[in-house]
Amino acid sequence: NAGVTQTPKFRVLKTGQSMTLLCAQDMNHEYMYWYRQDPGMGLRLIHYSVGEGTTAKGEVPDGYNVSRLKKQNFLLGLESAAPSQTSVYFCASSYFYSTEAFFGQGTRLTVV
Amino acid sequence: KQEVTQIPAALSVPEGENLVLNCSFTDSAIYNLQWFRQDPGKGLTSLLLIQSSQREQTSGRLNASLDKSSGRSTLYIAASQPGDSATYLCAVQQETSGSRLTFGEGTQLTVNP
């Protein structure tokens, strides 16, 4: 039972480069979320989705885009990476908005 | 804006001790409160979920309580073990703002053998 899987686990980008982080869940969850975790700032919501084909902005959406073309996948894109986007990114999913959230193992991204 | 505070930020205890971690939140309009564990360099593992209508939840040596009206939750760990060493995060799921989880910054727990 894989749960929530994030790809890749580590990445180093140069300023201005682009990349896509992939989140896949095999629990048939409707809701999916992208968070970033920074020292002293805790976890902050970037974008989220309440079902296939839907996306919405969270607390810190600037510089990121997302897509949810398939129910099981939620992609987070950085079009032009900046050093301020150096962080650990976590994907999470839940069956419904009030049910238990499950997290992936994280992607450690460094932008130089 | 919802704010979640966890006290203490760090805690060091000898093995076998019972301990309490505290979490407070400013907006009581929540669906639930969830406690997570995070090991260094790892993801978050869900420990306990308390719905807003519940007062407490138990799992093994863990017991979490919720007082929604006062904006407080506690996580009680009985007979602590070195393997309990980790950062413990609480998060509240709000009725508004897209049902997002708002996290505290965590309590870093060290259990010494």
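Nothing here was measured: the structure is a model prediction, and the numbers come from that model. Computation of the quantities below employed the complete heavy-atom set of this structure, encompassing side-chain atoms and omitting hydrogens, waters and symmetry-equivalent molecules.
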B:L89 side, atom CG; A:F103 side, atom CZ - distance, nearest 0.5 Å: 9.0 Å
Atom group of A:A56 that falls short of 4.5 Å from chain B, counting heavy atoms: neither
Which portion of A:F102 sits near chain B, non-hydrogen atoms under 4.5 angstrom: neither
B:R61 atom CZ, neighbour heavy-atom count above 12 within 6.0 Å: yes
Connected via hydrophobic side-chain network under 4.5 Å: B:V4 and A:Y35: no
Residue selection (most heavy-atom pairs with chain B, distance under 4.5 Å) from A:K57, A:R108, A:M41, A:Q37: A:Q37
Single-linkage hydrophobic cluster B:L21~B:L62, side-chain heavy atoms < 4.5 angstrom: yes
Those residues of residues 32-59 of chain B, ordered by number, that approach chain A below 4.5 Å (heavy atom to heavy atom): B:N32, B:Q34, B:F36, B:Q38, B:G41, B:K42, B:G43, B:L44, B:S46, B:L49, B:Q51
Per-residue contacts, residues 10-19 of chain A versus chain B, heavy atoms under 4.5 Å: none
Side-chain donor or acceptor of B:Y31 paired with backbone N/O of A:T99 under 3.5 Å: no
Proximal to chain A - members of residues 103-113 of chain B, heavy-atom separation under 4.5 Å: B:F103, B:E105
ILVMFWY cluster, B:V92 and B:L101 together (side-chain gap under 4.5 Å): no
Shared hydrophobic cluster, A:Y33 / A:V88 (ILVMFWY, side-chain heavy atoms < 4.5 Å): yes
Toward chain B, the part of A:E59 with a non-hydrogen atom under 4.5 Å: both
Contact winner vs chain B - A:G40, A:S94, A:G104, heavy-atom pairs under 4.5 Å: A:G40
Cluster link A:F90 to A:L109, ILVMFWY, side chain under 4.5 Å: no
Contacts table for residues 68-79 of chain A: side-chain donor-acceptor under 3.5 angstrom, sequence neighbours left out:
unit_1: A:R68; atom_1: NE; unit_2: A:K71; atom_2: O; d: 3.0
unit_1: A:R68; atom_1: NH1; unit_2: A:E30; atom_2: O; d: 2.8
unit_1: A:R68; atom_1: NH1; unit_2: A:S49; atom_2: OG; d: 2.8
unit_1: A:R68; atom_1: NH2; unit_2: A:H29; atom_2: O; d: 3.2
unit_1: A:R68; atom_1: NH2; unit_2: A:E30; atom_2: O; d: 3.1
unit_1: A:R68; atom_1: NH2; unit_2: A:K71; atom_2: O; d: 2.7
unit_1: A:K71; atom_1: NZ; unit_2: A:N28; atom_2: OD1; d: 2.8
unit_1: A:K71; atom_1: NZ; unit_2: A:E30; atom_2: OE2; d: 2.8
unit_1: A:E79; atom_1: OE2; unit_2: A:N65; atom_2: ND2; d: 3.4

Heavy-atom side-chain proximity of B:T102 to A:L43 below 4.5 angstrom: no
Heavy-atom side-chain contact between A:R44 and B:R100 under 4.5 Å: no
